[in-house]
Structures are given as structure tokens and as C-alpha cells.
Amino acid sequence: MECKLFCTKKSMSVSEIVCLGKTMSNSFDRWTGGGSNGVELARQFCSCRGVSLKASYSTTRKSKSSMEWIGQNKFAVESNSTNWIIGTNGVISSSSLGECYLLDATEDNYEGIIVDPERLPSNPNTFASRLQSSLASWISKGKKGIWLKLPVERSELVPIAVKEGFQYHHAEREYIMMTYWIPQEPSMLPANATHQVGVGGFVINDNNEVLVVQEKHCTPACAGLWKLPTGFILESEEIFTGVVREVKEETGIDTEFVEVVAFRHALRVAFEKSDLLFICMLRPLSTQIKVDDLEIKDAKWMPLTEFLKQPHIRGDRMFKKIIDICIARLGKRYCGLSSHRVTSKFDGKSSTLYYNVVEPEDNCPGS
């Protein structure tokens with residue numbers, strides 16, 4: 001029997017060849033492909049460090065079988081008519097050999113593929129080989145978009161994916177998301193998030209005083225400005241819970257969400273991302289202020305009339321309009337959007353819908 005090893009390196013030292021197990025079980029030693037295929041496997045196999053091992057076996061009948069190391073202490077062996085997976089412990093099972101060379105993945109609802117980030121090959125060379133095989137398979141099956149999520153600790157795989165045509169989609173602290181669009185047409189994959197979402201809280205007490213703050217870090221033009229508490233909502237956080245949290249963090253005041261009274265949409269605010277700011281009316285549940293020293297310079301209850309006299313408020317059309325809306329809401333001349341939990345039959349998930357309900361006896365419920 002003749003054995004030939006093929007490695008991707010042109011040359012290698014003896015130290016680069018690692019023997020993979022001299023203690024195969026008897027069942028492994030005696031295994032043959034059966035019939036005329038007549039494949040016998042020796043007790044000892046060698047692999048090139050850092051590359052896949054391939055071997056071609058030929059018997060006196062000139063039949064051929066090929067073998068490749070596929071990880072997890074297993075070899076894939078292909079005879080003329082049968083495909084086999086052979087463990088170094090001697091366990092033998094038949095399998096579709098093509099599946100051994102594909103990345104673990106699932107199909108999405110849009111004829112696309114989502115690669116399993118938890119089952120990526122540990123060896124970059126193996127990843128490169130399986131990525132190529134997988135792409136060929138997905139293309140042949142008419143798949144469309146491919147989603148490849150690479151954990152940050154596997155960042156060495158990014159150049160390999162880029163070389164195969166994957167593009168950056170977005171990055172988070174824990175991972176990098178890459179995509180590949182197969183059809184020869186404009187990509188239909190959704191873009192990365194285009195907006196950041198902020199909230200502002202209009203909190204007024206029974207003494208007609210507004211809860212206001214001065215920020216530690218602001219532009220020189222806004223120095224000394226008393227403004228409404230604002231901030232960004234967190235990932236997977238509701239607008240109505242986010243604004244209550246922000247007011248609590250900045251001022252120490254507990255509040256209850258009443259309504260969204262207005263929202264502002266601004267384009268290209270930070271890193272070409274647009275900004276949505278939801279102004280919410282809140283009802284105070286406490287009075288004692290405790291300032292957040294990291295972000296806030298000072299906070300206080302300010303008479304509404306004094307708040308409106310500030311040059312920045314009087315001179316800014318948007319700020320003036322926001323306060324006018326809030327005052328109109330206090331006088332029940334304007335209705336905002338209250339939160340309502342609804343479930344859609346499209347996905348079966350519960351979500352929040354904001355809308356107003358006008359009743360004949362009360363123009364603005366929840367006042």
C-alpha cells in the first residue's frame with residue numbers, strides 16, 4: 001500500500017510533523033473499506049502542524065481512497081462508494097463527506113445562512129478551507145445573505161473572511177459581524193443601526209417647579225444653562241423605562257412616566273448616525289435631589305417662569321416649542337402618547353405602542 005501526504009507548505013522540518021496516535025484500537029487496525037475497495041489504514045498517522053492532513057491510499061487493485069483530518073480526533077475517509085468518519089479511538093461511522101468540510105450554520109427565514117459563532121474551527125487554516133467549501137455549497141443551493149459573527153477573541157479570522165469577500169456590517173464590544181451577499185444584484189441585507197435614541201424628562205411638581213440640571217461637560221455656548229435631564233436609552237430598554245432611569249441617575253428623583261409629548265429627529269449627529277430624542281412628561285414621586293457627580297454639575301427645582309426666562313430657552317425655537325407643548329399638556333390643551341402593551345400576530349411578541357386615547361369626559365387621560 002502506498003501512502004502520500006500533501007501539506008500546504010512547500011517544505012517542512014521533521015519537528016513540524018506530529019504523529020497522531022500509535023495506540024489505535026484493534027477495530028481501527030482491522031478496518032477495511034470492504035469489497036473491492038480494500039482500504040487498510042496503518043496504526044500511525046502524521047499531520048503537518050497548522051495545516052490539514054490529506055493522504056491518498058492505493059491498494060494493489062489500484063482503487064483509491066482519500067483521507068483528511070477534520071478535527072476532534074477524527075479522520076474523514078472517502079472510498080469509491082462509501083464515505084466514512086473514523087475516530088482515533090477506532091470508532092467508525094459512515095457519513096456524507098461533504099458535510100465534514102462545511103461550517104456549522106443554520107438557515108434564516110430569508111433564504112440566508114447564519115454561521116454558528118460557537119462552533120468555528122480552532123485552526124485558521126481549517127476555517128479558511130471550510131469557509132471556501134461552505135460558500136461553494138451555499139451558492140449551489142441558491143442561498144442569499146450570509147451572516148458571520150466572529151467573537152473578538154477570534155479576530156484572526158477577520159482577514160480570512162475579508163479575502164473571501166465578506167464585508168464589515170457592525171462591531172460590538174464582544175464581536176464583529178460580517179456579511180456576504182451571494183446574488184448578483186444589490187444586497188437586500190438590512191444595514192447596521194442608523195439611529196441613536198435619546199430621552200428627555202419634563203418633571204414638574206405641585207409648586208410649578210421644573211426639575212433641571214447643569215451638565216459638567218458641554219459646549220461653551222451652553223455653559224450655565226439649566227436644562228431638562230436627558231440621556232440615551234440602553235440596548236433592549238423601553239423609552240418609558242429609560243427616561244425614568246435617566247432622571248433617577250442624574251438627579252436622584254423617582255418619577256412615573258405619563259406620556260411622550262414630542263420627539264425630535266436630527267440627521268448625522270454622531271459618526272454619521274441620526275438621533276431621535278423623545279421628550280417625556282413624568283410625574284415626580286420624590287423631592288430630595290441627589291446629583292450624579294460623574295455627569296451633572298448641579299440639579300435643582302426651578303420655578304417654571306424662571307426656567308422660561310433663560311436666554312437659551314427664549315432664543316432657541318426648538319426648546320421654546322418643547323416647553324410650550326409641555327405647558328399645553330399641563331393645561332389639558334394637548335394630548336401626548338401614552339404607552340400600551342400590544343402583541344402582534346406577525347411575530348407573536350409583546351411590544352409597546354405609543355398613542356393617545358381621547359375620552360369625552362377627559363381630553364387627556366392620566367393628567
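Quick note: numbers below take in every heavy atom, side chains included, and nothing from hydrogens, waters or symmetry partners.
Crowding of Lys273 atom NZ: a count of heavy atoms from other residues, nucleotides or ligands under 6.0 Å exceeding 12. Residue-environment remark: CG (Asp206) stays at or below the threshold of 12 foreign heavy atoms within 6.0 Å. Heavy atoms from other residues, nucleotides or ligands lying under 6.0 Å from CZ of Arg341 number more than 12. Within a 6.0 Å radius of CD in Glu111, no more than 12 heavy atoms belonging to other residues, nucleotides or ligands are found. Within a 6.0 Å sphere centred on CZ of Phe263, other residues, nucleotides and ligands contribute 12 heavy atoms or fewer. More than 12 heavy-atom neighbours from other residues, nucleotides or ligands sit within 6.0 angstrom of NZ on Lys216. Atom NZ of Lys144 has 12 or fewer heavy atoms from other residues, nucleotides or ligands within 6.0 Å. Sparse packing is recorded around NZ of Lys321, with 12 or fewer heavy atoms of other residues, nucleotides or ligands lying under 6.0 Å away.
Residues Trp181 and Gln167 form no side-chain contact, since every pair of their non-hydrogen atoms from C-beta on lies 4.5 Å or further apart. At a threshold of 4.5 Å between non-hydrogen side-chain atoms, the residues Thr230 and Glu215 count as touching. The shortest side-chain heavy-atom distance between Asp275 and Gln196 falls under the 4.5 Å cut-off. Considering only heavy atoms from C-beta on, Leu211 stays 4.5 Å or farther from Pro284 through its side chain. Residues Phe278 and Val243 fail the side-chain proximity criterion, which asks for heavy atoms closer than 4.5 Å.
Closest approach of Pro229 and Thr251 over heavy atoms only: CG-CG2, 4.2 Å. Residue Cys326 comes nearest to Val261 through the heavy atom pair SG-CG2, 4.0 Å, listed as atom of the first residue, atom of the second, then distance. Scanning both residues, Pro121 and Arg130, for their nearest heavy atoms gives CG-CD, 4.0 Å. Nearest heavy atoms, Leu120 versus Val115: CD2-CG1, 3.9 Å. Here the closest heavy-atom approach between residue Gln214 and residue Ile296 is recorded as O-CG2, 3.5 Å. In terms of heavy atoms, Thr352 sits closest to Ser339 at CG2-CB, 3.7 Å.
A salt bridge (charged side-chain N to carboxylate O under 4.0 Å, His left out) with Glu259 is found for one member of Arg329, Arg283, Lys332 and no other, namely Arg329.
Ring planes of Phe166 and Tyr180: tilted class, angle from 30 to 60°. Taking the six-membered ring where the residue is Trp, Phe257 and Phe240 present tilted rings, their angle falling between 30° and 60°.
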message = Using the rule given for side-chain contact (heavy atoms from CB on, under 4.5 Å), can you reason through Lys320 versus Met318, listing the C-alpha separation, both sets of side-chain angles and the distance that settles it, and then say yes or no?
response = CA-CA 5 Å; Lys320 181 65 168 59; Met318 185 187 71; over 6 Å; no
key: Audit row: Val212, Lys300, side-chain contact (heavy atoms from CB on, under 4.5 Å) steps and yes/no   = CA-CA 6 Å; Val212 293; Lys300 67 178 182 179; 4.0 Å; yes
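Take Ser344 and apply the side chain to side chain contact (heavy atoms under 4.5 Å, CB included) test, not counting sequence neighbours, and it matches Phe346, Asp347. Checked against ring-ring contact (aromatic ring centres under 6.0 Å, His included), Phe127 has no partners two or more places apart in sequence or in another chain.
His312 has its ring centre no less than 6.0 Å from the ring centre of Phe319. Aromatic rings of Tyr175 and His170 (six-membered ring for Trp) have centroids within the 6.0 Å cut-off, being under it.
Leu337 and Val258 fall into different hydrophobic clusters, where Ile, Leu, Val, Met, Phe, Trp and Tyr side chains are chained together by heavy-atom contacts under 4.5 Å.
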